[in-house]
> 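One structure coming up, written as structure tokens, with questions to follow.
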Amino acid sequence: MSEAVITIRGLGFAYDEMPVLTNVDLDIWPQDSACIVGPNGGGKTTLVKLMLGLLEPNHGSILIGGKTPAEARRRIGYVPQYARYDACFPISAQEVVCMARLGSSFSGRYTKQDKQAALEALAAVSLADLAQRPFSALSGGQRQRVLIARALASGGDILILDEPTASLDRESEQELLALLAKLNQEKIILMVTHETGFSSTFFKRIICVNNQVYVHPTSALTGELIREMYGGDLRMIRHDHRCCPEGHQHD
Amino acid sequence: MTTAAALKDTNMTELFAALTDPDLPFLRYGLLTGLLASISFGIIGTFVVVRRISYIAGAISHCILAGIGGGLYLQTVAGISWFTPMTGAVIVALLSAVILAQVSRHAGQREDSIIGALWSGGMSIGYLFIAATPGYFDPNSYLFGNILLITKQDIFFVAALDLVILAVVGIFYNKLLAICFDEEYTLLRGVRTQWLHLLLLCLTALTIVLLIRIVGIIMVIALLTLPAAIAGNFAASIRQMMLLAAFFCAAFITTGLGASFYLNLPSGSVIIVLATGAYLLSLALDRKRTGGRT
């Protein structure tokens, strides 16, 4: 059996004495695909920041291939939400993707290989012909794919996405999920999301974060589980286009 | 020739005569310094606008009065002749850049309060030094700018600053662009973003110091940000934005100095009024072009 790529043991983190994550154990396996869900303030973003090495744990450890997150940053491609960027920033899609190649030299000048890697990454997300297009002139779905291309250009084998489907229309969301499914053949995909509707069709596992962490196969995702996860009286309305011609199916 | 055309011709002749008159070097120095400064303002102003740190640049510019006052006091009272007000301004500007870089990193939600404290605290200290210095000193020249203060030496300082800024930005362009667009991601790529942020603030501080003679402490922030903000409405890349911002800045300084000469008005205020008017016009044009979409 292969070894876990990310190993989290006894992880604890608090902001100013307020615990956000307590005693977390988690293993992420090669070619894993998992969505990270939970209520606001439950610790999803904190868990991601700890895995990226942007925060240091108060207790426990995170190891990525036996190294600390800060040492293993080059293995991780991080995809933030496109909506957080300045919509007027004058920068081309290729310039955004090239940022993945920063850090290898003192000045940060890009080599021909860097620019080529950026173009290849854009081609992988079907945006090669829009390389010189201003980022601000792209649609939401295209911007999100540019950010995925940036993560691909860094060459890592782990892709962490922070709510990439937020603010996307249904068609763009489906395109994005198809792309992630393709990428999952080679890479680990971890995706923070509030939308659990598509998780059972794409993800293998669901990581529920609400101060503590529980991992379930996506087949176990039910209204009861979501109620427990979000900690309140909650009604699930499933919009399933494949099996519900007469309307909504309520759990 | 119409009366208006004749008057315009006379004014142009007068302006040209003033620019070439050996007894009136201040207008020539002011224009040359302004045109050279446009390069620094275009480049640094673009970074200030896209990184959204104009309030930090504002704090640095206002802190500078503490250095000017301190320099004046040490020169007059303590007899340290080499410690000129401009020496004090450079030291305080760089010091405030270092403090503000640390504040950005550690203060979190209190950042704006600390910036406000430095902003007004720096000005107050400057005024106290000026009040404690014997003799008359008019702080308005530094607050609102006075091209009469510009010397031949300043032209060389501004030219040297242009070279430094062109070299530093030329070398670190990609990294500076990256921290302005996405600092967190840049950090994840192993770039020491805190040093780049400090470098950017120090360059901003030096640019502000050398330009306060033209438009003054209070208005320098407008000349730093407005041309770049106008350029941002039309530019497709940061390089294009820098070039356009430098062009707009040069245009405002040239027309502002010319207009202030004709109308016998303070040059700094005229330059800023022109820049503000152009900015509002550009906003209206941009709104019309995009149909009000943001």
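Proteins come first, then strands; the chains are lettered A, B, ... in the order of their sequence lines, and each starts at number 1. The model shown is predicted, which means the values in this text are computed figures rather than measured ones.
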> Are there more than 12 heavy atoms of other residues, nucleotides or ligands under 6.0 Å from atom CZ of B:Arg192?
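Open.
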> Nearest 0.5 Å please: distance from the NZ atom of A:Lys49 over to the CG atom of B:Leu188.
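So the gap between those two atoms works out to 10.0 Å.
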> With a 6.0 Å cut-off (strictly less than), is the heavy-atom count around CZ of B:Phe247, excluding the residue itself, greater than 12?
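At most 12 heavy atoms, drawn from other residues, nucleotides or ligands, come within 6.0 Å of this atom.
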> With only heavy atoms counted, which part of A:Tyr110 is less than 4.5 Å from chain B, the side chain, the backbone, both or neither?
both
> Grab the two heavy atoms, one from B:Val50 and one from A:Asp86, that are nearest each other, plus how far apart they are.
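The pair with the smallest heavy-atom distance is O-OD2, 4.5 Å.
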> Looking only at heavy atoms, what is the nearest atom pair of B:Leu177 and A:Met99, with distance?
O-CE, 4.4 Å
> Which one of A:Pro90, A:Ser136, A:Ala100, A:Ser92 has the most heavy-atom pairs closer than 4.5 Å to chain B?
A:Pro90
> Measuring from atom CZ of B:Arg239 to atom CD of A:Glu95, what distance do you get when rounded to the nearest 0.5 angstrom?
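Taking CZ in B:Arg239 and CD in A:Glu95, the distance rounds to 6.5 Å.
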> Let me see the working for B:Tyr185 and A:Tyr78 under ring pair (Phe, Tyr, Trp, His ring centres under 6.0 Å), right down to the final yes or no.
CA-CA 8 Å; B:Tyr185 186 82; A:Tyr78 174 55; 7.3 Å; no
> Counting only heavy atoms from other residues, nucleotides and ligands, does the tally under 6.0 Å from CZ of B:Phe157 exceed 12?
no
> Could you tell me which of B:Thr186, B:Ile238, B:Val191 has the largest number of non-hydrogen atom pairs under 4.5 Å with chain A?
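When all of B:Thr186, B:Ile238, B:Val191 are compared, B:Ile238 has the most.
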> Of the backbone (N, CA, C, O) and the side chain (C-beta and beyond), which part of A:Arg150 lies under 4.5 Å from a heavy atom of chain B, both, or neither?
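A:Arg150 touches chain B through backbone and side-chain heavy atoms alike.
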> Just wondering, more than 12 heavy atoms not from B:Arg52 lying within 6.0 Å of its CZ?
no
> If you compare all heavy atoms of B:Arg189 against all heavy atoms of A:Ser154, which two are closest, and at what distance to 0.1 Å?
NH2-CB, 3.4 Å
> Name the orientation class of the two ring planes belonging to A:Tyr85 and B:Phe181 (parallel below 30°, tilted from 30 to 60°, perpendicular beyond 60°).
parallel
> Might you confirm whether atom CD of A:Glu186 has over 12 heavy atoms from other residues, nucleotides or ligands at distances under 6.0 Å?
no
> Does CZ belonging to A:Arg133 count more than 12 external heavy atoms closer than 6.0 Å?
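Counting neighbours around CZ of A:Arg133, 12 or fewer heavy atoms of other residues, nucleotides or ligands fall under 6.0 Å, so no.
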> Looking at B:Gly190, B:Gly170, B:Ser237, which has the largest count of heavy-atom pairs under 4.5 Å with chain A?
B:Ser237
> Measure the CD1-CZ distance between B:Ile171 and A:Arg109 for me, rounded to the nearest 0.5 Å.
8.0 Å
> Where on A:Pro80 is there a heavy atom nearer than 4.5 Å to chain B: the side chain, the backbone, both, or neither?
side chain
> Step through the shown structure and confirm whether more than 12 heavy atoms of other residues, nucleotides or ligands are within 6.0 Å of CD on A:Gln31.
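Atom CD in A:Gln31 is crowded, with more than 12 foreign heavy atoms closer than 6.0 Å.
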> At a heavy-atom distance under 4.5 Å, which candidate from A:Leu54, A:Ile76, A:Leu52, A:Val96 has the highest pair count against chain B?
A:Leu54
> Distance from A:Cys88 atom SG to B:Asp286 atom CG, nearest 0.5 Å?
7.5 Å
> Heavy-atom pairs under 4.5 Å with chain B: which of A:Gly108, A:Ala137, A:Ser107 has the most?
A:Ser107
